[in-house]
Amino acid sequence: MRNVKSMAKSTPPIQDTPSTLKDKAHMLNLYKDMLLIRRFEERSAQLYGMGLIGGFCHLYIGQEAIVVGLQSVMQEGDSVITSYRDHGHMLACGMDPKRVMAELTGRRDGYSKGKGGSMHMFSIEKRFYGGHGIVGAQVPIGTGLAFSYKYNNEKNVCVTYMGDGAVNQGQVYEAFNMAALWKLPVLYIIENNQYGMGTSVKRAAAGATLCERGQPYGIPGVRVDGMNIMEVQEQGKKALDHIRAGKGPYILEMMTYRYRGHSMSDPAKYRSKEEVSVWKDERDPIEHLKNYILAEQIAIQDDFTHIEKDLKVLMQEVVDFAQNSPEPDVDELYTDILTHDHASHNE
Amino acid sequence: MITHHIMNEPKKITLREALRDAMAEEMRRDSKVFLMGEEVGYYQGAYKVSQGLIDEFGPNRIVDTPITEHGFTGLAVGAAFGGLKPIVEFMTFNFSMQAIDHIINSASKTLYMSGGQIQCPIVFRGPNGAASRVGAQHSQCYASWYAHCPGLKVVAPYSAEDAKGLLKAAIRDPNPVIFLENELLYGKSFDISDDPDLIVPIGKAKVVREGKDVTITAFSLMVEHALHAAEILAKDNISVEVVDLRTIRPLDVDTIVQSVKKTSRLVSLEEGWPFAGIGSEMSALMMEHAFDYLDAPVIRVTGKDVPLPYAANLEKLALPQIDDIINAVKSVCYSEMTLD
């Protein structure tokens, strides 16, 4: 059995897309990373149902190809920031699923010692800057991370995710303006899962092509099939090359779908069963990659069975860990409000 | 020798220059410190606080922003997450309301929400409170707004030396600091020490006038009013102790309580609104920490509970005047006044 760490590890960057598309280890890694998110989220839903996870819990099921695809074309030092639908992003960044789940259950081994919860987790080590609960707030913050890279003459890019709901926030355009004005190394990913909570994009956004929202600022935007990981990779790589060449920000609109409601308390009655099943049954990103791998004879069914088996074992470990980790010490109530640490500023 | 002698004399400096010198010194000391805001660069500062800085540090570190407070505040918070130490200038703190979500939700809470992982060393500074005849939307005191929030420090100095020393301390502080200035003080000259290592620690109040009958607590411009009132009251044989709070959060409760133990009376003075203001907090703190020492109820002298009017006579009525302070002091001294 593979150990937990290697299961959680993100896919190594690919340099040459055509050849890696035939590389068995690479392609199976992508599959495994997506399935890890899927299985993790299914267990989150279970634990939520059992009352072990409280409050808000936003699942990423259906959107896995986006974060896994993009992470696979990023470079060491690049960072990620997103909103509150963040479990998939954290797992794709290589954060330990046990500690992510322990945060969901509000335990001391969670990434925020149990004080952040589902929507507020961070890992400087894995270059993940949250986990933000205010719609759109992560967009100027991600742009500011990019500002720090440019200020320090570093070649990093901040990949800043937002949903289709966030693109109607004013601060998003304030950030676009400054990012374009100052040519900041930021890649904006709009995860268009068709609904901002229960309101469809058609009912919320005038001019439904969201990738064009950067046009007045001269920011290139491309619409991508977010259910096709290979297309995500290809467009992601192009965008990152553009940004790393010093040409400023770039927008990718990922067309995708969340299978579950907005949060655990949402039965999603604003859309039809037929609509959901079209995406689930015909366009599922994990099935899509599996079918490609089988059709191209890169791997065989046994390989997938092994991955599934390994993940099952891992998920049990994750759940056990998150259930058995103690609640935070009561003294933690009053820690981390202010810091006295002058030396280790976010290093 | 003569030069040496002159250097040891206290020199005069305007508060505006003191703030600029604090920023310049910290920027020379630490390349991660930068200033951003509207008109801070080529315009030399809307109130000329950043005069000359762009010439020394260039446009990469003195960053002129578009008029976009919500956006550039969030951007600065991100830069702080990324390892920089931004100073964000609000042309006035009134405009910080556009950005208050990032100040509170992003800057002040992330250390806690990340279990101590993500620091946000950032200074938000600019003029606060009423200037002169600029009307309701440009004349508000934010001391109690920001002091309400855990995860923030709030500083509001009066003198140039405190402004310089506290701003340097704020820039070096690993936490988000709200630094409230006052436009009416920018041009005022003060003596200032020429100590190159001048730092005034955050969280320490200062007794700026000693007295035995009444304590007045004040901050920023209101310290000047308190000192004027104390001068006049001295002629009536009322001895007023004036405590310049300097830091609103964390509040130096010890210094205030020590003073009240001596005087047994407290008048809290502020320019902001009365309801849930700094004076309300002062009053509650005295109940908790000095109840047995009080000889009179705490009285609050505050701005009136109205949006600030434009007309000169109404504006004056709305803001604390010397007479308001004198009346408040006399009213808490009722027992002594009968001795005359």
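Note: hydrogens, waters and symmetry copies are ignored here, and every other heavy atom, side chains too, is used. Just so we're on the same page: letters track the sequence lines, and every chain starts at 1.
Between chain A and the residues V63(B), V77(B), I118(B), the largest count of heavy-atom pairs under 4.5 Å involves I118(B). The most heavy-atom pairs under 4.5 Å with chain A, out of P121(B), P86(B), C120(B), A76(B), come from P121(B). Of all the listed residues (A175(A), G136(A), A137(A), G116(A)), the one sharing the greatest number of non-hydrogen pairs under 4.5 Å with chain B is A137(A). When each of G83(B), A80(B), P250(B) is checked for heavy-atom pairs under 4.5 Å with chain A, G83(B) comes out on top.
How far CG of L75(B) is from CG of L184(A): 6.5 Å, rounded to the nearest 0.5 Å.
In this structure, no portion of I81(A) lies under 4.5 Å from any heavy atom of chain B. Only the side chain of I134(A) comes within contact range of chain B, with heavy atoms under 4.5 Å apart.
For CD1 of I67(B), the number of neighbouring non-hydrogen atoms (other residues, nucleotides, ligands) closer than 6.0 Å is 12 at most.
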Would you enumerate the inter-chain donor-acceptor pairs between chain B and chain A whose distance is below 3.5 Å?
residue : atom : partner : partner atom : Å
S31(B)  : O    : Y151(A) : OH           : 2.7
V33(B)  : O    : Y151(A) : OH           : 3.4
R61(B)  : NE   : Y151(A) : OH           : 3.1
T68(B)  : OG1  : E174(A) : OE1          : 2.5
H70(B)  : NE2  : Q171(A) : OE1          : 3.3
G71(B)  : N    : E174(A) : OE1          : 2.5
A79(B)  : N    : G144(A) : O            : 3.4
A80(B)  : O    : H345(A) : NE2          : 2.8
A80(B)  : O    : N346(A) : ND2          : 3.3
F81(B)  : O    : N346(A) : ND2          : 2.9
G83(B)  : O    : H345(A) : ND1          : 3.4
H102(B) : NE2  : Q171(A) : OE1          : 2.7
Y112(B) : N    : D336(A) : O            : 3.1
Y112(B) : OH   : L333(A) : O            : 2.8
M113(B) : O    : S112(A) : OG           : 2.7
G115(B) : O    : K113(A) : NZ           : 3.4
Q117(B) : NE2  : Y111(A) : O            : 3.1
Q117(B) : NE2  : F122(A) : O            : 2.8
Q119(B) : N    : N346(A) : OD1          : 2.7
Q119(B) : O    : N346(A) : ND2          : 2.8
Q119(B) : NE2  : D341(A) : O            : 3.3
R172(B) : O    : H342(A) : ND1          : 3.1
N175(B) : OD1  : T339(A) : N            : 2.7
N175(B) : ND2  : T339(A) : O            : 2.8

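Side-chain contact between L111(B) and I337(A): absent, with no pair of heavy atoms (C-beta onward) separated by less than 4.5 Å.
Summarising the geometry of L181(A) relative to P66(B), their closest heavy-atom pair is CD2-CG, 4.0 Å, with the distance given to 0.1 Å.
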